[in-house]
S.K.: 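My questions will all concern the structure given below.
Keep in mind the model is a prediction, meaning the values are calculated, not measured. Here is the naming used below: chain letters follow the sequence lines, and residue numbers restart at 1 for every chain.
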Amino acid sequence: MKIPRYTMQKIAFAIITTAAISVGIPLVLVIGYIVAQGIGALSWEFISAAPRNGMREGGIYPALVGTVWLTIGTAVTSIPLGVGAAIYLAEYAADNWFTRTIRLAIINLAGVPSVVYGLFGLGLFVIFLRFGMSILAGSLTLGIMTLPVIITTTEQALVAVPQSFRVVNASLGGTTWQGIRKVILPQALPGIMTGIILGLERAAGETAPILFTVAAFFLPRLPHSVFDQTMALPYHLFVISTQVPGMPIRIQYGTALVLMVFVLTMNLLATLIRRYYRRRRQW
Amino acid sequence: MNNTATPGKAKLVLHDVSFYYGDQPAVRQINLRIYANEILAIFGPAMSGKSTLLRILNRLSDLAEEGRLEGEVLLDGKNIHDPDVSVIQLRTRVGIVFAVPVPLPLSIQENVTYGPLLGRGRSKGELDELVERSLRAAALWDEVKDRLSESATALSGGQQQRLCLARVLALEPEVILLDEPCSGLDPISTLKVEKALLALKESHSIVIVPHNVQQASRIGDKAAFLLMGELVEYGVAEQIFTRPKDPRTDDYITGRFG
Ligand SMILES: Nc1ncnc2c1ncn2[C@@H]1O[C@H](COP(=O)(O)OP(=O)(O)OP(=O)(O)O)[C@@H](O)[C@H]1O
Ligand SMILES: [Mg+2]
């Protein structure tokens with residue numbers, strides 16, 4: 001028997017709607033729960049003071065600062081390399097075994113579990129290169145982890161810029177690089193920025209890569225240089241949730257809330273940038 | 001073929017030029033002379049290699065992957081593929097306007113100054129003067145003079161095409177190539193472009209692929225009929241359009257095929 005197509009349409013619609021709602025519910029629940037549990041912990045002291053009394057009191061300031069530093073460090077290490085590699089792949093590279101190998105490497109890098117990056121960072125940066133547990137080692141580790149995201153999104157953003165602009169640039173006597181700098185990059189910028197922020201956002205929330213490379217269990221003073229260890233929000237959250245007996249729930253969720261706000265703010269920034277430029281885009 | 005005596009030296013000379021995409025020939029064994037202060041109209045049915053021939057003249061054909069050129073192209077007697085010829089300089093001497101206008105996503109002013117600013121530095125005064133001169137020559141100045149800093153993509157199709165012409169003129173080229181520059185334009189815009197070209201002829205060599213035979217006969221001083229990559233007939237436009245020597249040319253212009 002053939003089901004009438006309007007009935008089919010209704011069934012399909014119902015299934016898809018259910019799927020959409022089921023995806024939304026956990027998200028709302030997670031955010032709602034963390035806000036409800038953590039909002040009571042928030043105060044000026046909470047974000048501006050160091051932890052006290054075995055971390056059961058005081059604030060999370062050193063961890064917050066550490067995460068900001070690590071995010072900046074990740075940006076500094078991953079953006080130039082990632083964007084550079086993407087420009088090479090999108091604008092210069094011919095399709096040959098060399099570039100195919102690079103692409104394959106990038107895809108594989110994206111699939112490596114973050115704890116493996118952590119061990120890699122420990123071996124290479126902390127021990128072999130003698131950076132010790134430091135912001136430098138942590139940033140480099142997070143940077144390498146972020147590279148695949150940045151390369152992939154940047155390359156997509158570049159490829160999306162119409163080919164005709166490149167031909168026009170060449171026809172007016174422009175070199176490939178002049179075309180990239182004057183036309184292609186500015187047009188791809190919103191897409192690139194979005195990719196960068198999404199990558200950094202993931203790095204900011206990761207625990208495993210910083211575990212062996214930079215994160216301090218308890219270090220109330222702020223780092224003085226890139227060779228210092230630092231506390232960081234995700235690891236601090238892990239520590240106070242699992243390693244400290246008698247920890248007030250409120251502080252755990254307050255910390256989670258701050259981390260979430262930090263990451264969501266970056267996300268919001270990415271969305272705003274995309275919106276702003278999409279409205280201005282002319283092709 | 002190729003026997004029309006024109007006084008003066010040829011600006012561009014094509015010597016047995018063939019171009020292949022992979023192993024498919026797009027144009028074959030072309031011999032052609034292009035003179036200064038003339039408009040050459042290259043016409044022929046679709047896929048006959050007109051665009052390919054045009055792009056060979058400023059080495060935009062280099063961009064085609066798998067493209068291969070045979071024969072030589074001489075600009076003022078110098079082979080444009082000689083190793084000491086700068087392709088960048090060549091493209092500013094031989095400018096091209098495409099069928100579909102592609103304004104860069106910049107302002108009107110920036111579109112016009114794009115080419116000049118790629119090379120040596122120029123003073124603001126020089127640039128302003130160049131912008132006005134180029135836009136006037138492209139018959140666009142009066143329509144855009146009060147909105148030079150506005151986005152070029154907001155212009156109408158006809159205006160965009162004249163902007164693309166102005167952008168090429170700002171390179172101060174010696175040769176201007178135009179690939180069906182009026183194909184998307186209304187009759188009034190078309191007329192404006194043609195008028196601009198007739199004026200530009202005084203100081204340039206112009207090679208145009210017209211979008212129909214009428215346009216070829218309206219503005220061409222010389223005409224070349226291309227068929228399946230072969231140059232069938234070349235000569236004074238008036239003669240070709242009234243008394244073609246080759247029956248294939250006759251068939252085409254009287255509309256018996258293509
Ligand atoms: N980039 C390219 N790669 C491969 N083949 C191409 C390319 N450009 C053109 N060709 C082929 O070369 C031949 C000539 O094309 P060309 O565009 O030069 O003809 P045309 O006379 O300009 O045609 P039209 O009137 O449709 O513009 C065609 O068979 C076409 O398929
Ligand atoms: Mg064509």
Side-chain angles (χ1 to χ4, degrees), chain A residues 83 86-100 102-103 154-194 273-283, chain B residues 51 54-55 57-66 86-108 110-120 134 150-155 160 163-173 176-179:
Chain A
V83 173
I87 291 178
Y88 175 78
L89 288 175
E91 306 291 333
Y92 288 99
D95 183 27
N96 53 32
W97 66 268
F98 177 62
T99 54
R100 277 198 292 271
I102 294 182
R103 276 176 223 275
T154 302
E155 195 188 350
Q156 281 167 0
L158 290 171
V159 168
V161 178
Q163 185 61 24
S164 53
F165 292 164
R166 296 177 180 84
V167 177
V168 166
N169 168 68
S171 78
L172 294 172
T175 60
T176 307
W177 175 244
Q178 284 176 320
I180 293 170
R181 192 164 49 80
K182 288 170 168 266
V183 182
I184 311 298
L185 261 189
Q187 290 299 304
L189 202 57
I192 296 175
M193 301 255 278
T194 310
I273 290 173
R274 208 169 27 208
R275 278 266 183 84
Y276 174 73
Y277 280 101
R278 184 161 297 161
R279 211 170 298 143
R280 290 198 349 176
R281 184 153 69 195
Q282 297 154 346
W283 39 272
Chain B
S51 301
L54 224 49
R55 285 161 173 254
L57 301 183
N58 69 351
R59 288 182 58 183
L60 219 48
S61 52
D62 289 8
L63 301 187
E65 276 168 45
E66 314 255 302
S86 142
V87 65
I88 284 165
Q89 214 205 348
L90 171 70
R91 287 177 187 156
T92 61
R93 292 179 65 192
V94 184
I96 187 164
V97 177
F98 302 103
V100 180
V102 180
L104 294 170
L106 304 166
S107 73
I108 294 171
E110 286 164 336
N111 262 277
V112 180
T113 57
Y114 187 87
L117 285 179
L118 294 171
R120 62 190 170 86
S134 308
E150 284 175 29
S151 166
T153 39
L155 297 174
Q160 286 186 4
L163 178 65
C164 291
L165 178 58
R167 191 168 64 185
V168 165
L169 294 179
L171 299 172
E172 304 181 303
I176 306 169
L177 313 172
L178 303 109
D179 194 350

S.K.: Do B:L104 and A:K182 touch side chain to side chain, with heavy atoms closer than 4.5 Å?
M.R.: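 Contact flag for B:L104/A:K182 side chains = no.
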S.K.: Ignoring hydrogens, what is the shortest heavy-atom contact between B:P105 and A:V183? Give both atom names and the distance.
M.R.: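 For B:P105 and A:V183, the tightest heavy-atom pair comes out as CD-CG1, 4.0 Å.
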S.K.: Please flag which part of B:R93 lies under 4.5 Å from any non-hydrogen atom of chain A: side chain, backbone, both or neither.
M.R.: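 For B:R93, there is no contact with chain A at all, as no heavy atom is under 4.5 Å.
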S.K.: Of all the heavy-atom pairs spanning A:A170 and B:R91, show the shortest one and how long it is.
M.R.: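 For A:A170 versus B:R91, the nearest heavy atoms are O-CD, 3.0 Å.
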S.K.: Let me confirm one number: the CG-OG distance from B:L171 to A:S171, rounded to the nearest 0.5 Å.
M.R.: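 It comes to 8.0 Å.
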S.K.: Could you grab the distance from atom CD of A:Q178 to atom CD1 of B:I88, nearest 0.5 Å is fine?
M.R.: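 CD1 of B:I88 is found 6.5 Å from CD of A:Q178.
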S.K.: How close do A:L172 and B:T92 get, counting heavy atoms only, and between which atoms?
M.R.: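 Residues A:L172 and B:T92, closest heavy atoms: O-CG2, 4.0 Å.
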S.K.: Please examine the side chains of B:F98 and A:S164, heavy atoms only from C-beta on, and report whether any two atoms are closer than 4.5 Å.
M.R.: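 Result no, sub-4.5 Å side-chain heavy-atom pair not found.
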S.K.: Any side-chain heavy atom of A:V168 sitting closer than 4.5 Å to one from B:Y114?
M.R.: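 No - every pair of side-chain heavy atoms lies 4.5 Å or more apart.
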S.K.: Which bit of B:P103 is near chain A, if near means a heavy-atom gap under 4.5 Å: side chain, backbone, both or neither?
M.R.: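 Contact with chain A: backbone only.
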